[in-house]
Trainee: 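Starting off with a structure, shown below.
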Amino acid sequence: MREISVREIEERIAEACGEIAVRYSPDLIKALQKGRTQETGFRSVTAMDILLQNAETAASQNIPICQDTGLVIVWLKIGSEVHFTDGLPSEAVNRGVARGYTECYLRASSVTDPLYERKNTKDNTPAVIYTEIVEGDQVEIEMMAKGFGSENKSALKMLTPADGEKGVKDFVLETIRNAGPNACPPFVVGVGIGGTFDSCAVNAKRALLRPVSESNSDPRYKKLEDDLLTEANQLGIGPLGFHGRTTALKVQVEYAPTHIAGLPVAVNMCCHVCRHARMVI
Amino acid sequence: MKKLQLPLSEAEREELKAGEPVLLSGIVYTARDAAHKRLFEMLDEGRELPFDLKDAVIYYVGPTPARPGQVIGSAGPTTSSRMDPYVPKMMENGMIGMIGKGRRSEKVKEAVVRHKGFYLVAAGGAGALLSHSIIKREPVAFEDLLSEAVTRITVKDFPCFVGIDCRGDDIYDLKEDDE
Ligand code: SF4
């Protein structure tokens, strides 16, 4: 047994909230720079220049890249040999989020009840938390701060096995087309295929955690990712929706076993501000 | 780049062309979802608004909190279409321009044409950079809404693009190389 104080989870989450709000990961910066070289139109070039300049300003002056600093989603992989002290990990996550968003001057974007009261919780809690028990004596934390301009353009469809690869592709591209300029292109597109109605959506979100420099390890799914990226970039939406070549920076697919009768597909749209972090305690 | 000083005369508004980049200076009000809901209810009930809508320009933004010494935190545009249902009535009551991101409905376009107004588009996800062009901020109403409160901001050379002009032309319908 290894004793871990949940305060450590709180600390790490609080720190990461501030960090991912102001700094793109290096793989995303590279993808944006590459996108910039592929643009030729006046507006699309200007758009990419603005985004790169904004990235620089945000990081050097510690100002959030985007004012929508997102809702926080946390995945905890807890080693079975870990014994937590000082309380519950989920409470620590929420304390970390509250501290990170308050201390780092990030926007509180969470409301209590979605339909009637819609009262701001003032500290961006609660986070959406997934936990999993794994082997070992470590705790792995993955987190994401998801903006809603793009979240609102996400979609899920229960396809049937007969729809096959074409059905999946058509649905993904239709979702990207429908997101258009509103969801802040260039996008990172998370796709979950298989599982159930709920788990394929979680897989679509998980797919966004992968660096854009990495593809699915299964060559068939890597090809699907590459094909979808090429086709997405032929839609012509372009950076900020000003037309051009860089509609998406990467399409990330995660798949899971499913029922003999089903082929669920979820598309989680993410803007260029695809903020996530991974930490191990 | 073309510089615009608010308020714009009718002649200046007629000269705006969808797709052209502009640097905007002057007084702008911030309001987004929750503030619009309240403003609209006040209009419906015939109550006086907390600021004069006549010739007002509204920026759809909910900034991050300012650090000590900052005027405002990160302050890029939010998706404008969520405010579409409010626009015709707001324009009837004097609002002349909007700043946001993304496509608008046909009804918004018609209202812009009818009132010879304008819709400007700012870069979505560039709130750090855009915050540098906001030089003053004063509270106006609904402070309980936190980032969604209505505030009066002074912008200086705020970079944006003409999204919809008074002829109803739309930046998102232009081709890549249309100048
Ligand atoms: S969609 Fe992304 S870039 Fe656009 S406003 Fe939301 S968080 Fe910011």
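Letters A, B, ... are given to chains in the order of the sequence lines, protein chains preceding strands, and every chain is numbered from 1.
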Trainee: Please flag which part of B:Ala75 lies under 4.5 Å from any non-hydrogen atom of chain A: side chain, backbone, both or neither.
Mentor: backbone

Trainee: Does any part of the side chain of B:Leu129, heavy atoms only, come nearer than 4.5 Å to the side chain of A:Ile50, both counted from C-beta?
Mentor: yes

Trainee: Looking only at non-hydrogen atoms, find the nearest pair between A:Leu240 and B:Ala123 and report the distance.
Mentor: CD1-CB, 3.6 Å

Trainee: Return the option, out of B:Ser131, B:Gly19, B:Gly73, with the maximum number of heavy-atom pairs under 4.5 Å with chain A.
Mentor: B:Gly19

Trainee: Test your reading of the model: is there a side-chain donor-acceptor pair from A:Asp68 to the backbone of B:Thr78, 3.5 Å cut-off?
Mentor: no

Trainee: Between atom CD of B:Gln70 and atom CD of A:Gln61, what is the distance when rounded to the nearest 0.5 Å?
Mentor: 8.5 Å

Trainee: Could you tell me which of A:Asn120, A:Thr57, A:Val22, A:Leu51 has the largest number of non-hydrogen atom pairs under 4.5 Å with chain B?
Mentor: A:Thr57

Trainee: Counting only non-hydrogen atoms closer than 4.5 Å, does B:Glu148 touch chain A with its backbone (N, CA, C, O), its side chain (CB onward), both, or neither?
Mentor: neither

Trainee: Verify the neighbour count for atom CD of B:Glu92: are there more than 12 heavy atoms of other residues, nucleotides or ligands below 6.0 Å?
Mentor: yes

Trainee: Does some side-chain heavy atom of B:Leu174 sit less than 4.5 Å from a side-chain heavy atom of A:Arg43?
Mentor: yes

Trainee: Just verifying a value: how many Å separate A:His243 NE2 and B:Ile171 CD1, rounded to the nearest 0.5 Å?
Mentor: 8.0 Å

Trainee: For residues A:Thr46 and B:Phe161, determine if any side-chain heavy atom of one lies less than 4.5 Å from a side-chain heavy atom of the other.
Mentor: yes

Trainee: Please rank A:Val273, A:Asn152, A:Ile237, A:Leu106 by heavy-atom pairs under 4.5 Å with chain B and give me the top one.
Mentor: A:Leu106

Trainee: Does A:Lys122 have more than 12 heavy atoms from other residues, nucleotides or ligands lying within 6.0 Å of its NZ?
Mentor: no

Trainee: Picking from A:Gly241, A:Ala183, A:Gly180, which has the most non-hydrogen pairs under 4.5 angstrom with chain B?
Mentor: A:Gly241

Trainee: Which atoms form the tightest heavy-atom contact between A:Pro181 and B:Tyr172, and what is the distance?
Mentor: CB-CE2, 3.4 Å

Trainee: So does B:Gly62 get a backbone contact from the side chain of A:Arg107, meaning a donor-acceptor N/O pair under 3.5 Å?
Mentor: yes

Trainee: Could you tell me whether B:Glu41 atom CD has more than 12 heavy atoms of other residues or ligands within 6.0 Å of it?
Mentor: yes

Trainee: Give, as side chain, backbone, both or neither, the part of B:Ala66 having an atom under 4.5 angstrom from any heavy atom of chain A.
Mentor: backbone

Trainee: What part of A:Lys119 gets within 4.5 angstrom of chain B, counting heavy atoms only: side chain, backbone, both, or neither?
Mentor: neither

Trainee: Tell me if the NZ atom of B:Lys136 is crowded by more than 12 foreign heavy atoms within 6.0 Å.
Mentor: no

Trainee: Considering only heavy atoms from C-beta outward, does the side chain of B:Pro68 approach that of A:Tyr105 to under 4.5 Å?
Mentor: yes

Trainee: Which atoms form the tightest heavy-atom contact between B:Ser74 and A:Pro64, and what is the distance?
Mentor: OG-O, 2.7 Å

Trainee: What do the steps show when you test A:Ile63 against B:His132 for side chain to side chain contact (heavy atoms under 4.5 Å, CB included), and what is the final call?
Mentor: CA-CA 10 Å; A:Ile63 305 171; B:His132 284 323; 4.2 Å; yes

Trainee: So for A:Ala47, is it side chain, backbone, both, or neither that comes closer than 4.5 Å to the heavy atoms of chain B?
Mentor: neither

Trainee: Taking side chain as everything from C-beta outward and backbone as N, CA, C, O, which of these in B:Leu146 sits under 4.5 Å from a heavy atom of chain A? Side chain, backbone, both or neither.
Mentor: side chain

Trainee: Could you tell me whether the side chain of A:Asn182 and the main chain of B:Arg103 form a donor-acceptor pair under 3.5 Å?
Mentor: yes

